[in-house]
Amino acid sequence: ASGNIPIPPDYIVGPNDGIRIILFGNKNITHKLVVSRNGDIFFPEIGPIMVSGLSFSEMEEVIQELVSNKYIGTTSRVTMDKLRSINIFVLGEALQPGMYTVSSLSTLTNAILKNGGVKMTGSLRNIELKRQGAVIKKFDAYDLLLNGDTSDDMRLIEGDVVFIPPIGKTVGIDGEINRPVIYELSGDETLSDLIGFA
């Protein structure tokens, strides 16, 4: 991933992320810096700046303020350069369960697609995102597949586990409908929900 990829303002900066700082005005120079294991970048003539754990927009603000204080008449533009990689796990009823190395911008659905998807025996309605042993998100892929709703998708961090449980109750529907297939019903969904899916 390069500086051409739009970075969400809430992206959390971490070790091994690449930062590009372009100075223009009285001073014109480009710095390509990498976040150290300690969480800082070393900015020539300014020194170390702690950025790990800051959102992209917070880091941008800190750097721009330091530059404008240090160099009169100089403005800065901050972008991400090379994004760090993270290791995550896709387990359960996944087509190819295991550990995957993905970009730090990857989301829960990216992880599922990266491993080839969900087995026929896997649930699309109750996919779990586990972080440090606790389930922090239950994801219903029907929202995405049937309605194009990505609001429940979630960005992953190092060590996250995407767990695909076994499929729940299923029911088939056929006839004068748009999508005649077998659907998985969750919770207290009824015939009208099924017709809505189909």
Side-chain angles (χ1 to χ4, degrees), residues 1-90 98-115 127 129-139 141 143-145 147-162:
S2 72
N4 296 329
I5 292 177
I7 302 295
D10 64 348
Y11 174 80
I12 301 300
V13 178
N16 293 326
D17 271 335
I19 315 293
R20 182 180 299 174
I21 304 167
I22 303 162
L23 304 183
F24 50 95
N26 285 345
K27 191 172 181 72
N28 294 290
I29 192 167
T30 297
H31 295 294
K32 286 186 177 184
L33 310 171
V34 176
V35 182
S36 74
R37 278 190 293 191
N38 296 330
D40 59 10
I41 51 174
F42 189 83
F43 196 124
E45 296 180 26
I46 289 179
I49 305 169
M50 184 55 70
V51 294
S52 186
L54 297 180
S55 69
F56 174 72
S57 58
E58 288 169 338
M59 177 190 69
E60 192 177 26
E61 223 171 89
V62 166
I63 292 170
Q64 286 171 344
E65 190 176 333
L66 285 168
V67 166
S68 64
N69 289 340
K70 172 78 177 175
Y71 306 112
I72 305 302
T74 299
T75 325
S76 63
R77 181 162 177 259
V78 182
T79 59
M80 297 301 290
D81 195 32
K82 192 173 189 302
L83 295 176
R84 69 187 186 274
S85 295
I86 57 171
N87 292 320
I88 55 104
F89 298 86
V90 183
M99 186 178 86
Y100 290 87
T101 300
V102 296
S103 153
S104 53
L105 274 182
S106 295
T107 64
L108 201 151
T109 53
N110 297 144
I112 296 166
L113 294 172
K114 174 106 178 167
N115 99 355
I127 297 167
L129 175 57
K130 297 182 176 185
R131 188 166 289 169
Q132 296 172 340
V135 176
I136 62 158
K137 182 73 150 178
K138 289 214 174 200
F139 180 72
D143 290 337
L144 175 64
L145 297 171
N147 306 318
D149 180 359
T150 59
S151 61
D152 251 6
D153 207 359
M154 193 166 173
R155 202 166 306 128
L156 302 174
I157 66 168
E158 177 75 28
D160 275 357
V161 175
V162 177

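Being a predicted model, the structure only gives us computed values, none of them experimental.
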Completion exercise
Note: I88 and I157 closest approach over all heavy atoms is CG2-O, 3.6 Å

Problem - Under 3.5 Å: donor-acceptor pair, side chain of S106, backbone of V102 - result: no

Exercise for the section: Determine, for R131 against E158, whether the closest basic-nitrogen to carboxylate-oxygen distance falls under 4.0 angstrom. Expected result: no

Exercise for the section: Determine the minimum heavy-atom distance between K27 and T74, stating which atoms define it. Expected result: N-OG1, 3.2 Å

Practice task
Spell out, as yes or no, whether a donor-acceptor pair under 3.5 Å connects the side chain of S76 to the backbone of L23.
Solution key: no

Problem - Side-chain donor/acceptor of D40 to backbone N/O of P48, under 3.5 Å - result: no

Handout entry: R155 and D10 ion-paired at < 4.0 Å
Key = yes

Practice task
Quick one: which residue pairs count as a salt bridge (charged side-chain N to carboxylate O under 4.0 Å, His left out) with a foot in residues 58-75, not counting sequence neighbours?
Solution key: none

Exercise for the section: Taking N16 for its side chain and S36 for its backbone only, find out whether a donor-acceptor pair lies under 3.5 Å. Expected result: no

Exercise for the section: Nearest 0.5 Å please: distance from the NE2 atom of H31 over to the CD1 atom of I29. Expected result: 4.5 Å

Problem - Heavy-atom check, side chain of I22 versus side chain of V78, under 4.5 Å - result: no

Practice task
Could you pull out the closest heavy-atom pair between L105 and P8, with the gap in Å?
Solution key: CD2-CD, 3.7 Å

